[in-house]
Every structure is written in C-alpha cells, then in structure tokens.
Amino acid sequence: ATGSLGELTRGDFPILNQEVNGFRLVYMDSAATSQKPTAVLDCLRNYYESYNANVHRGIHSLSARATDEYELARKKVANFINAPSDRDIIFTRNATESINLVAYTWGIANLGEGDEIVLSVAEHHSNIVPWQILAQKTGAVLRFIGLTPDECLDMEQLKETLNERTKLVSTFHVSNTLGCMNPIAEIVERAHKVGAKVLVDACQSVPHMPVDVQALGADFLVASSHKMCGPTGIGILYGKSTLLNDMPPFLGGGEMIADVFLDHSTYALSPSRFEAGTPAIGEAIGFGAAIDYLSNIGMDQIHAYEVELSKYLYENLSKVPGVKIYGPPPGPKGDARASLCAFNVEGIHATDLSTFLDQQHGVAIRSGHHCTQPLHRHLGINASARASAYFYNTVDEIDIFLKGLNDTISFFSSFN
Ligand SMILES: Cc1ncc(COP(=O)(O)O)c(CNc2co[nH]c2=O)c1O
C-alpha cells in the first residue's frame, strides 16, 4: 500500500533497487541476514575515510575519535535493549560467538557432572552445539523441551523438567523457523525459582520489536548486528554485571588485561575482559548507525508493521493448495508470530521451490534446514522453504512471492 512503512523505507536500501534474472529483486530472506540502509553504508565509509584508528590505547586525535565512536556504539546497544549499563554489553563477532563465550567461561566455571542445561528442540545450532561441547567437557546433561500440538514451546514440559540440578535454560525469544515467541519473562521466573540462569537467543526478536532485558529478567542475551540492518562481523552478548565480572576470560590477549607478568596476568573488568585484541571497530560503529536508523523509525512502529506483514503472509500462504506452514498461526492480535513462514509444498522439494522462485521470479527465499536440523527431524521433515519479511518489504512483494509460488507449483505439478 502506498505510504506503508515498506514503501517509505525501501528507498533507503540501495541493494533492493536491482533486478535479478531479469526480474525486480524481491528479498524475503531477512531472517538469514537483513539488508543495510545508506545511513549504515555512509557511516562505514566515513569511518574508514576520516577517523580509522585503533581504539583505547592511542593518544592521537584519530584514535580518540575512533574510541569515542566505538564506545558510543556500545552505549547505543545498551540503551536499545534497556541494559542497566553499557558495561554489560560485550561486542563479539556474532550471536554464535556470544553463546560460545558464555559456554566457555560461565559454563566451564559453573557446570559439573550431572548439572542440567535445558534447551528446546527448536533451537538454532548455535544454541545447541556449544552446549553439547560444554556437556562433553563437564559431564553436564542436556535436556530438550518439545513442542505443543500448535508447534510452540511446551511450557508444561518445561515446568516438569526444571529441578534443582537445572543450572541453565537457553532458548530462543523468537524462533527462526516456527516464528513463535517464547514467554521469556515466565521462563526466567520459573528458572530462577530453581536457581538456574537464563540465556535468551534474541537474534530474531531484537531486530523486530522492542526488547527490554531488564523486563525479561534475562541473565544473558545475544543478538547479531547483521540481522538488524547492521554490518556482519559484530554481535553482542548482554550479561548481568554480577555474572560478567565473575567470569574468567574467553580469549587472552591485548585489551583484556590489567597487567601482564611473565608467569601470570591480571584481567580487566567487563566488557574489556571479553574483548581481546583489536575489535571490529568500523563494524561496531556501523552497528550503532543501524540502531540509530531503527530507533528513528521506532521499534513499536516496525513491530506493528511486521505484525501486519506476518498476518498477510501467513493467511495468504496458508490458502495455497498443498502448502503446510510450520509454527502457530498469528495470534488474535497477530503479535505472537514473526513475519516469517517456514513451509513445504506437497510433492515439491523446498530447494526446487526456492530455485524456481529465484530464477523465474527474482524472489529470494531460503530452503534447507535453517540451522534447526533437530527441529526438522522433530517435525518429520528434512528440509523446508522459508520466506521472511522485514519492515522494508511490502504487501505487493508478498503478492509477487505468492504469485511466483503458485506459478512454481503449476510448473512442477505439470510433471506429476
Ligand atoms: C535464532 C537464531 N539464533 C542464532 C543465530 C546465529 O546467528 P549468527 O551467529 O549471526 O549467524 C541465528 C541466525 N539465523 C540464520 C542464519 O541464516 N539463516 C538463519 O535463519 C538465529 O536465527
């Protein structure tokens, strides 16, 4: 519709103004990575053209400016998720590294034989494999929570699983495959009652809606810049300061020390303790520009618009003959489902669908297991297609996707 958020913002994204295979690009794979507005691209260029320098130790003007901008980016992240302090924000390479950081520091220091880590079957591999490695190292045990009939986290099973041996619950805020949202505040309350900590995988929520880590009560929370209009190569770990300053370092090197002797070293406080070596300076500053861009639009506005896109996508995709969508339908207010649909079409492999949509319609969606193989097995499938929209998409683009899908089905059905 004219004047929609998608119509008003898509001109900010140069990459969207192109044709692929002779068709105007319709990019519907933002759950994998989002596109970048000119404001972020200009910020990166300006950094490298005007004040690129190493941070924290240089005395000269360029280093001072680079340091100020780098630390300002950290403050922007802290404010964006309502963290109590920017000292609670650690820059990593991505959410995967953020989760690994917790596993290799807090995990190794606090977990032992028989301690339990509770996950769900729907977690991303980044929130399963680090815990498998940790369990092998410590003797801890992984417990997996299943799904309800409408393919959301089974909270009854979670309640039954939590016990005095539970030391960590690590789960998604929004699923990258089911699109459902976990009741994180309730999960935190129940986990804390048995003395467990909670890590929230917020990769698919922070880019799409207001997230308040203090309201959620999360002990740790991870997200990635590249999913929220920012550069790749930079992610965040939020942690409660009492936990962070009690954790051993993750990587050793410059920056993360207080003093170095030949036989030992003393360490800096968080966040420096966990940021060894030269950080991704330009990327962090670009991430800050992405947060400014999103904040100028407003996360409430972005979420409200995506709720509409989600309902339109789900309701119209579910009408296509032979389509099975995974995860729950949009709730009564629509806000319980992200603007993504993982689906299959009876008799057509997901990869054939996505290839045909790309080649014959210029529509970019994903196919495969979306790094949720255990979830796919749990659903009895080995692959799915996934269309995911962001605020720069429009209803017209969803219509192009749906028309392309119907054409694709017609094409492949002609062989049956
Ligand atoms: C829920 C969730 N957790 C963790 C990650 C890992 O983030 P990274 O460290 O920045 O890669 C992703 C990325 N999800 C996807 C990446 O590509 N397709 C996806 O669905 C995700 O969706």
Side-chain angles (χ1 to χ4, degrees), residues 27-36 77 81 90-104 119-133 144-145 147 151-153 169-182 184 187 198-209 211 216 218 220-238 250 280 283-284 286-287 290 306 326-327 337-343 350-351 354 364-376 379 383-390:
Y27 183 77
M28 293 191 68
D29 193 25
S30 295
T33 198
S34 70
Q35 298 305 348
K36 319 311 171 187
V77 174
I81 61 171
I90 296 161
F91 282 127
T92 60
R93 280 185 317 122
N94 50 40
T96 301
E97 183 173 286
S98 300
I99 295 171
N100 278 275
L101 191 159
V102 174
Y104 278 96
L119 308 170
S120 83
V121 294
E123 302 307 325
H124 188 280
H125 295 164
S126 299
N127 197 27
I128 294 176
V129 179
W131 308 118
Q132 290 174 335
I133 294 169
F144 289 91
I145 307 302
L147 303 178
E151 294 168 352
C152 293
L153 184 74
V169 177
S170 191
T171 191
F172 61 85
H173 193 180
V174 170
S175 165
N176 73 324
T177 305
L178 301 171
C180 58
M181 190 184 306
N182 274 339
I184 292 297
I187 292 171
V198 177
L199 185 151
V200 178
D201 175 355
C203 281
Q204 300 291 348
S205 60
V206 170
H208 300 281
M209 63 189 68
V211 171
L216 293 174
F220 299 105
L221 181 139
V222 305
S224 280
S225 156
H226 72 90
K227 295 192 189 281
M228 49 193 287
C229 300
T232 53
I234 191 89
I236 57 149
L237 167 66
Y238 159 78
F250 177 41
E283 288 76 7
F287 186 13
E306 290 192 20
Y326 304 103
R337 187 185 230 287
S339 52
L340 67 89
C341 285
F343 66 97
T351 302
S354 58
I365 68 167
R366 181 152 291 246
S367 72
H369 51 61
H370 320 305
C371 297
T372 56
Q373 280 183 304
L375 172 61
H376 278 72
L379 295 169
S384 61
R386 186 188 65 191
S388 54
Y390 205 1

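Atoms within each ligand, like the ligands themselves, are counted from 1 in listed order. In what follows, residues are counted from 1 in the order of the sequence shown.
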Write out the residue and atom name of the closest protein heavy atom to atom 21 (C) of ligand 1, then the distance separating them to 0.1 Å. His124 CD2, 3.4 Å

Which of the ligand 1 atoms, numbered from 1, are nearer than 4.0 Å to a heavy atom of Asn176: 19 (C), 20 (O), 22 (O)

Sequence neighbours left out, what passes ring pair (Phe, Tyr, Trp, His ring centres under 6.0 Å) with His124? Give chain and number order. none

With no hydrogens and no angle check, is any side-chain donor or acceptor of Asn182 less than 3.5 Å from a backbone partner on Phe172? yes

Locate the shortest heavy-atom distance separating Ala280 from Gly233; write the atom from each residue and the value. CB-O, 3.8 Å

To the nearest 0.1 Å, how far is atom 3 (N) of ligand 1 from its closest protein heavy atom, and which atom is that? Asp201 OD2, 2.6 Å

Which residue and heavy atom of the protein sit nearest atom 22 (O) of ligand 1, plus the separation: Gln204 NE2, 2.8 Å

Residue-ligand contact Glu97/ligand 1, heavy atom below 4.0 Å: no

So which protein heavy atom does atom 9 (O) of ligand 1 come closest to, and at what separation? Thr96 OG1, 2.6 Å

Taking atom 13 (C) of ligand 1 as the reference point, the nearest protein heavy atom with its distance: Lys227 NZ, 2.7 Å

Closest to atom 20 (O) of ligand 1 among protein heavy atoms sits Arg386 NH1, 2.7 Å

With a 3.5 Å cut-off and no angle check, do the side chains of Gln35 and Ser30 form a donor-acceptor pair? no

For the backbone of Arg93 and the side chain of Glu97, can you confirm whether one donor and one acceptor N or O come within less than 3.5 Å of each other? yes

Once you measure the plane-to-plane angle for His376 and His369, does it fall in the parallel (<30°), tilted (30-60°) or perpendicular (>60°) bin? perpendicular

Shortest non-hydrogen contact between Cys180 and Cys152, atoms and distance: CB-SG, 3.9 Å

Atoms of ligand 1, numbered as shown, that sit under 4.0 Å from any heavy atom of Cys203: 2 (C), 3 (N), 4 (C), 5 (C), 7 (O), 21 (C)

Keeping the roles fixed (side chain from Thr33, backbone from His226), state whether a donor-acceptor pair exists under 3.5 Å. yes

I'd like to check whether Ser126 has a polar contact with ligand 1, where a contact means an N/O of the residue lying under 3.5 Å from an N/O of the ligand. no

Mind checking whether Cys371 has a heavy atom under 4.0 Å from ligand 1? no

